[in-house]
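See structure below.
First the proteins, then the strands, lettered A, B, ... as listed; each starts at 1.
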Amino acid sequence: MVSPSGPVKDTKPDSAQRDENSDTLKYQLLGPSLTKAGQDAVDQQKVSEIIYEASKGSKFFNHEQDRDRNLTVKIERILKEKAHLEKLDLSQDLRRADEYLAELELTRDLSQYVIHVDCDAFFAAVEELDRPELKTVPMAVGKGVLTTCNYLARKFGVRSGMASFVAKKLCPQLILLPMNYDKYTAKAKEIREIMAQYDPLFESASIDEAYLNITAYCAENELDPEETVQRMRAEILQTTKVSVSAGIAANAKIAKIASNKNKPNGQFRVPNDRAAIMEFMRELPVRKVNGVGRVFERELGSIGIETCGDIYPHRALLTRLFGEKAFQFLAQCYLGLGRTKIEPVETHERKSVGTETTFHEIGDRGEIRAKLDWVSRELEGDLARTQFKGRTLVLKVKLHTFEVLTRQTAVSRAISQAKDLYNIALPMLAKLEKEIPGMKLRLLGLRCTNLVSTKKAGINFFGAAAVQARPISAERLDLKAADHEITAEEAFEGAARQEIQDEMNDLEQLSQEAAILPDATVPTEPDPPPAQWDCPICGRAQTADDRVFNDHVDFCLSRQTIREAIQDSSETPEETTVHSNRKRKPTSQASSSDADPRQRRLFFH
DNA sequence: GCGGATCAC
DNA sequence: TATGGTGATCCGC
C-alpha cells in the first residue's frame with residue numbers, strides 16, 4: 001500500500017483540490033455506473049454527499065481512500081512525464097502515430113449493420129411482470145449490493161452496484177427484492193428466440209445484452225436498419241413484455257454506445273458514414289466507450305482528454321504515457337472503429353473457471369479452512385458442469401481491509417476434484433497466514449486456469465463441432481506449435497489417450513466419493529513451524545522453499561491418485577456420477593470482445 | 001509465469 | 001452494522 005508522505009501538493013489536479021482530494025474520492029464513491037442511463041435529472045452533488053456521509057469511516061471507505069490517493073500519485077507521475085516529453089522532439093512519435101491512424105483507416109468497414117440490444121433494467125423489469133404494483137414504486141434487485149433498479153429508483157440516485165444500505169439512505173422507501181436468476185434466464189431465452197430470427201448467429205454479450213448483424217435481414221426483407229430494429233423491438237415487447245433499447249451502427253463499439261442514447265425503450269442510429277461517425281465520436285466523453293472506466297477516465301482527463309475528439313491532438317504522447325495497447329485502443333476510439341464480426345458466444349474459448357465467496361470477517365484458521373473446503377467443493381461442481389480441469393490454481397483472498405491478494409500454483413497434472421483443489425490451495429493459504437500475522441479475511445476464492453477440456457474427444461475431432469475442441473486438444477496432444485493442424489492419426493491417438501485419461505479420472509472420482517477431505521475441517525491447527533510446513537498429504541515436514549514444497553505436494557498428489565486408482569479398480573461401476581445440472585449459479589458469460597482498452601481488433605476484408 | 005490492477009455486467 | 005461474483009486482459013517485474 002503506497003502511503004504518500006503527507007497530502008499531495010499538485011500543480012493542477014483533476015479539478016479543484018480541496019481537503020485531501022475529497023472531490024475525486026466522492027466521484028469514485030459514486031460507483032462505476034455513473035455514466036449509465038437514467039441519471040440525468042439527478043442532483044449528483046447531493047447524491048455524492050449522502051454516499052460520502054454514509055460511507056465515511058468504514059473499512060470500505062478507507063480502502064477507497066487509499067486507492068484514490070494512489071491514483072492521484074500515479075496521475076502526478078503521468079503529468080510529470082508529459083511535461084518531460086513535451087520538452088523533447090516528438091516528431092518520430094507523431095509520425096508513428098499518424099502512420100498507425102492511416103493504417104487503421106484502411107480497415108474501416110462501412111458495409112455492415114451491427115446492432116446492440118440491451119434490455120431496460122432487466123431484472124427489475126422481469127420482477128415487475130410478476131408484480132405489476134412494483135412499477136409505481138422505486139425498486140431494486142439484489143442483496144447487499146444492487147444488481148439492478150427500476151427507473152423510479154434511479155431518480156433518487158440509486159444505481160446498480162450500490163450497497164443496499166446506501167441506497168436506502170438515498171431512498172428510504174426503496175423496495176428490495178432478492179435475485180431470481182432462473183426467472184431472468186428463462187425470460188432471456190424468450191428474448192433470444194426472437195433475436196435469432198433477425199440474426200441466427202447473434203452474440204449474447206451477457207444475460208441481458210446481445211449483438212446482432214442485421215445486414216442480411218435488411219437485404220432480404222428490403223428494410224432499413226432502423227425499420228428492422230423498430231420491428232424487432234416491437235416484437236420483443238409484444239411477446240415477452242420486456243422493453244429493450246438498441247443502437248445501430250457500422251460496428252459493435254458504436255452500436256454499444258448508441259444503445260444507451262435513447263434508453264429506455266428507444267433506439268439510436270449512427271449512420272454508416274465516415275463523417276457522421278467522426279462527428280459522433282468527437283464530442284463523445286471517453287468514459288462512454290466500453291473499456292474506459294473510472295481510473296482511465298481520470299488519467300486521460302488529467303492530460304486534457306475528455307472526449308474522443310481530444311485524443312487526436314495528444315496522439316504523439318499516448319504510447320509513452322499509457323503504453324502501446326492503450327494508444328491503439330484510443331486510436332480506434334478517435335476514428336470510431338470497432339469490430340463488425342458478430343459470432344455466437346459458444347465459439348469463444350474459455351480461459352478460467354472460478355468461485356469466490358464473501359463472508360463476515362474471519363480470523364480463525366479453522367474457520368478459514370472450512371471456507372476453503374466449501375469453495376473447493378463449489379469449484380469442483382463448476383468444473384464438472386463446464387467439463388474442464390485446470391493445471392494452475394489461483395487462490396484469492398480479500399483481507400478485512402478490502403485489500404485483495406492472489407497466489408497461484410502451477411500443477412503438473414490437471415486437477416478438478418475438491419480434495420486436490422483444497423490440498424493445493426492450503427499451502428498457499430498457510431503461506432499467506434505466515435506472511436500476514438493475524439490475517440482476517442472477508443473473501444476467499446479459487447480459480448482454475450490453464451484449462452484442459454474433459455469433454456469426450458470422439459466426434460469433435462472429425463465432426464463439424466471440432467472448432468471448440470481444437471485449442472485444448474492441441475495442448476492435450478502436447479503439440480508444441482500452436483498453429484499445427486491436427487491430422488487424423490494424431491487425433492485418434494489423442495482420443496485414445498483421452499479415453500485412458502478419462503478412465504483414470506473416473507476411477508479417481510469413484511475412489512474419493514466417500515472420502516472426506518483429509519484434515520479439511522480441523523478446527524484449530526497450531527501454527528506451522530516458522531521455517532517449515534507439513535505436506536498436507538503425507539504429513540512429512542518440508543522446507544519453506546516454495547518450489548521444493550510445491551513440487552513435493554504435487555508428487556504426493558499424483559502418487560496418491562495412482563494408489564487409489566489401483567485400490568479401487570477392482571470394483572468399477574458402470575457410470576461415473578457427474579454433477580449434472582445441479583443448482584445453477586449466476587454465471588454471467590464473459591461479455592465479449594470490444595471491451596478492453598488494451599485489446600486491439602483489426603478487421604480486414 | 002506471477003501478482004496487482006482495471007474493467008464489464 | 002453494512003459495499004458482490006465471474007471472467008478477461010494488460011502491465012511491470
Quick one: do A:Ser245 and A:Arg233 satisfy side chain to side chain donor-acceptor pair (under 3.5 Å)? Show the steps, please. CA-CA 8 Å; A:Ser245 298; A:Arg233 289 180 41 241; 5.8 Å; no
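- Each of A:Leu405 and A:Val295 was matched to the nucleotide of DNA chain B holding its nearest heavy atom; the match closer to the 5' end belongs to A:Leu405.
- In the set C:dC11, C:dT3, B:dC9, B:dC9 carries the atom at the smallest distance from any side-chain atom of A:Glu209.
- What separates CG of A:Asp66 from P of B:dG4 is a distance of 15 Å, to the nearest Å.
- With C:dG4, B:dC9, B:dG4 as the candidates, the nucleotide lying closest to the side chain of A:Lys398 is C:dG4.
- In terms of position on DNA chain C, the residue among A:Lys396 and A:Ser55 whose nearest nucleotide sits closer to the 5' end is A:Ser55.
- As judged by a 4.0 angstrom heavy-atom cut-off over every strand, A:Val353 is placed among residues touching the sugar-phosphate backbone only.
- If you look at A:Phe322 and A:Phe329, their ring centroids are not closer than 6.0 Å.
- To the nearest 0.5 Å, the span separating CD1 on A:Ile78 from CG on A:Leu85 amounts to 11.5 Å.
- When rounded to the nearest whole Å, the span between CG of A:Leu321 and P of C:dC11 equals 14 Å.
- With rounding to the nearest 0.5 Å, the separation of OG1 in A:Thr401 from CD in A:Glu361 is 9.0 Å.
- Taking side-chain N and O atoms only, A:Thr358 has a distance below 4.0 Å to OP1 or OP2 of C:dG5.
- Under 4.0 angstrom from either OP1 or OP2 of C:dA8 there lies at least one side-chain N or O belonging to A:Ser352.
- Put simply, CZ on A:Arg407 is 14 Å from C1' on B:dG1, counting in whole angstrom units.
- Spacing between atom CZ of A:Arg67 and atom C1' of B:dT6 amounts to 8 Å, rounded to whole angstrom units.
- Between A:Glu356 atom CD and C:dA8 atom P there is a gap of 13 Å when expressed in whole angstrom units.
- Atom NZ in A:Lys143 sits roughly 16 Å away from atom P in C:dT3 (whole-Å rounding).
- Here A:Asp420 pairs with A:Arg413 in a salt bridge; the nearest charged N to carboxylate O distance falls below 4.0 Å.
- Taking atom CE of A:Met428 as the reference point, atom C1' of B:dC2 lies 12 Å away to the nearest angstrom.
- What separates CD of A:Glu53 from C1' of C:dT1 is a distance of 17 Å, to the nearest Å.
- Put simply, A:Arg442 has a side-chain N or O that comes within less than 4.0 Å of OP1 or OP2 on C:dG4.
- Residue contacts for A:Leu146: at a heavy-atom cut-off of 4.0 Å it reaches no nucleic acid atom on any strand shown.
- Within 4.0 Å of A:Thr147, counting heavy atoms only, lies no atom of the nucleic acid at all.
- Residues A:Gly323 and A:Arg447 both approach DNA chain C. Their nearest nucleotides, taken by heavy-atom distance, put A:Arg447 toward the 5′ side.
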